[in-house]
Undergrad: 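For reference, the structure I am asking about is given below.
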Amino acid sequence: MTPAAPSDGTGPQLRADAARNRARILAAARAAFRERGTAAPLDEIARRAGVNIATLYRRFPDGEALIRQVVIDGYTVLLRAAQTAVREASDGALPAIEHWLLGLVAEREMLVLPLIGGPVVNDAEALAIQRELGGLLDELLATARDQGAIRPDVTAADLTTTVALACRPLPHLDPATGQVLAERHVRVFLDGLRPGPDPISPLPSGPTLDEVLARVYADGPTPTPDNTTQR
């Protein structure tokens, strides 16, 4: 999935050719970051995108700006998928969770930085999306519990951890094989969500999603979502 190409910032939509260049740069950045990490040179990313380096710098003034946008795009994919799952949950929360997880596995190329590594982006917009995502997943799980569809001790952090693990590239495997194995992993996890016979083997104590975020940002000031556009 390639997100709609907004302007850089809050300005008007980009021209069609500029939007195509921006999308190519972001796709090339995701591929380079996946293969070489976020230290991948910007000139290599420009070459992969088929644009000159000046075009890249017009869209993204430095590597930090490019990394930030890749992260924001990934979190936005997660958020939109969660919004859809919450809407679908009234007809069956467990199928909605399944659709959310498998849909993200299919779009895992978009999630290269937020889920499989890279620097912590100390950015208000990124944190605001994470917090909104956490609220949606809590709502989704509450609906599932009300329907008796899942065991009572599953948390939003369990869902996001599963996405992160399932979307991580597997070394030495072709993408098609990786896709099949990731889908199998998700389906095993989904079976583990279902309520079992009493007594259910309890899950070990673990952090909430908010606590996970607090630990992620522990080494620096936690960004605040103030003045962030509401989604």
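Computed over heavy atoms, backbone and side chain alike; hydrogens, waters and symmetry mates excluded.
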Undergrad: Does any non-hydrogen side-chain atom of Ile25 lie less than 4.5 Å from one of Arg22?
TA: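 Arg22 does not reach Ile25 side chain to side chain.
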
Undergrad: Kindly give the heavy-atom pair with the smallest separation between Leu94 and Ile150, and that separation in Å.
TA: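 Leu94 and Ile150 have their closest heavy atoms at CD1-CG2, 4.0 Å.
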
Undergrad: Kindly work out whether a path of hydrophobic side-chain contacts (I/L/V/M/F/W/Y, heavy atoms less than 4.5 Å apart) joins Leu190 to Val180.
TA: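 No, Leu190 and Val180 fall in different hydrophobic clusters.
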
Undergrad: Would you compute the distance between atom CZ of Arg145 and atom CG of Leu140 and round it to the nearest 0.5 angstrom?
TA: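 It is 9.5 Å, given to the nearest 0.5 Å.
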
Undergrad: So, taking the atom named CG in Leu141 and the one named CG in Asp158, what distance separates them when rounded to the nearest 0.5 Å?
TA: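 Going from CG on Leu141 over to CG on Asp158, the span is 8.5 Å.
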
Undergrad: Any heavy-atom pair between the side chains of Arg151 and Leu203 that's under 4.5 Å?
TA: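 Leu203 reaches Arg151 side chain to side chain.
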
Undergrad: Any heavy-atom pair between the side chains of Leu101 and Ile97 that's under 4.5 Å?
TA: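 Contact flag for Ile97/Leu101 side chains = yes.
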
Undergrad: Would you mind reporting whether Phe189 and Leu165 have side-chain heavy atoms less than 4.5 Å apart?
TA: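 Counting from C-beta outward, Leu165 and Phe189 never come under 4.5 Å.
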
Undergrad: So which atom in Gln179 and which in Val105 form the shortest heavy-atom distance, rounded to 0.1 Å?
TA: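 For Gln179 and Val105, the tightest heavy-atom pair comes out as OE1-O, 3.7 Å.
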
Undergrad: Please round to the nearest 0.5 Å and tell me the distance separating atom CZ of Arg30 and atom CG of Leu66.
TA: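 Going from CZ on Arg30 over to CG on Leu66, the span is 10.0 Å.
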
Undergrad: Leu26 and Phe60: which non-hydrogen atoms are nearest, and at how many Å?
TA: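 Closest approach of Leu26 to Phe60, heavy atoms only: CD2-CZ, 3.8 Å.
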
Undergrad: Just grab all the salt bridge (Lys or Arg N to Asp or Glu O under 4.0 Å) pairs involving residues 62-71, residues at least two apart or on different chains.
TA: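 Pairs touching residues 62-71 that pass the test: Arg68-Asp123, Arg68-Glu125.
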
Undergrad: Might you point out which heavy atoms bring Ala18 and Arg59 nearest each other, and give the distance in Å?
TA: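 In terms of heavy atoms, the two residues are closest at CB-NH1, 4.0 Å.
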
Undergrad: Are side-chain N/O atoms of Thr143 and Asp146 paired as donor and acceptor at under 3.5 Å?
TA: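 Judged by distance alone, the side chains do not pair up.
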
Undergrad: Taking Arg80 first and then Glu107, would you say they form a salt bridge - that is, a charged N and a carboxylate O separated by under 4.0 Å?
TA: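 Not counted as a salt bridge, because no side-chain N and carboxylate O are separated by less than 4.0 Å.
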
Undergrad: Apply the side-chain contact (heavy atoms from CB on, under 4.5 Å) test between Met110 and each candidate in Thr76, Leu78, Leu104, Asp73; give the one that qualifies.
TA: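 Result for side-chain contact (heavy atoms from CB on, under 4.5 Å) with Met110: Asp73.
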
Undergrad: Between Arg168 and Arg108, does a side-chain contact (heavy atoms from CB on, under 4.5 Å) hold up when you go through it step by step?
TA: CA-CA 8 Å; Arg168 184 178 296 276; Arg108 65 191 185 281; over 6 Å; no

Undergrad: Do Thr208 and Thr155 come close enough that some side-chain heavy atom pair is under 4.5 Å?
TA: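 They are not in contact (no side-chain heavy atoms under 4.5 Å apart), so the answer is no.
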
Undergrad: Sub-3.5 Å donor-acceptor pair from the side chain of Gln147 to the main-chain atoms of Ala89, do we have one?
TA: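 Yes: the side chain of Gln147 pairs with the backbone of Ala89.
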
Undergrad: Taking all heavy atoms of Ala96 and all of Ala85, pick out the closest pair and write down the distance.
TA: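 Smallest interatomic distance, heavy atoms only, reads CB-O, 3.5 Å.
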
Undergrad: Do other residues, nucleotides or ligands put more than 12 heavy atoms under 6.0 Å from the NE2 atom of His185?
TA: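 Result for NE2/His185: enclosed.
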
Undergrad: Would you say the side chain of Leu136 lies within less than 4.5 Å of the side chain of Glu139, judging by non-hydrogen atoms?
TA: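 Yes, close enough: below the 4.5 Å cut-off.
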
Undergrad: With a 4.5 Å limit on heavy-atom distance, are the side chains of Asp91 and Glu88 in contact?
TA: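 Not touching, per the 4.5 Å side-chain cut-off.
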
Undergrad: Could you tell me which non-hydrogen atom of Ala157 sits nearest to which non-hydrogen atom of Leu209, and how far apart they are?
TA: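 The answer is CB-N, 3.9 Å.
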
Undergrad: Indicate yes or no: at least one non-hydrogen side-chain atom of Arg24 is less than 4.5 angstrom from one of Arg48.
TA: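 SC-SC contact between Arg24 and Arg48 ruled out.
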
Undergrad: In Å and rounded to the nearest 0.5 Å, what is the CZ to CD1 distance from Arg58 to Ile53?
TA: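 Here the rounded value is 11.0 Å.
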
Undergrad: Measuring from Thr55:OG1 to Asn21:CG, what's the distance to the nearest 0.5 Å?
TA: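 These two atoms lie 6.0 Å from each other.
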
Undergrad: How long is the straight-line distance from CG of Asp43 back to CG of Asn52, given to the nearest 0.5 Å?
TA: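 Those atoms lie 12.0 Å apart.
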
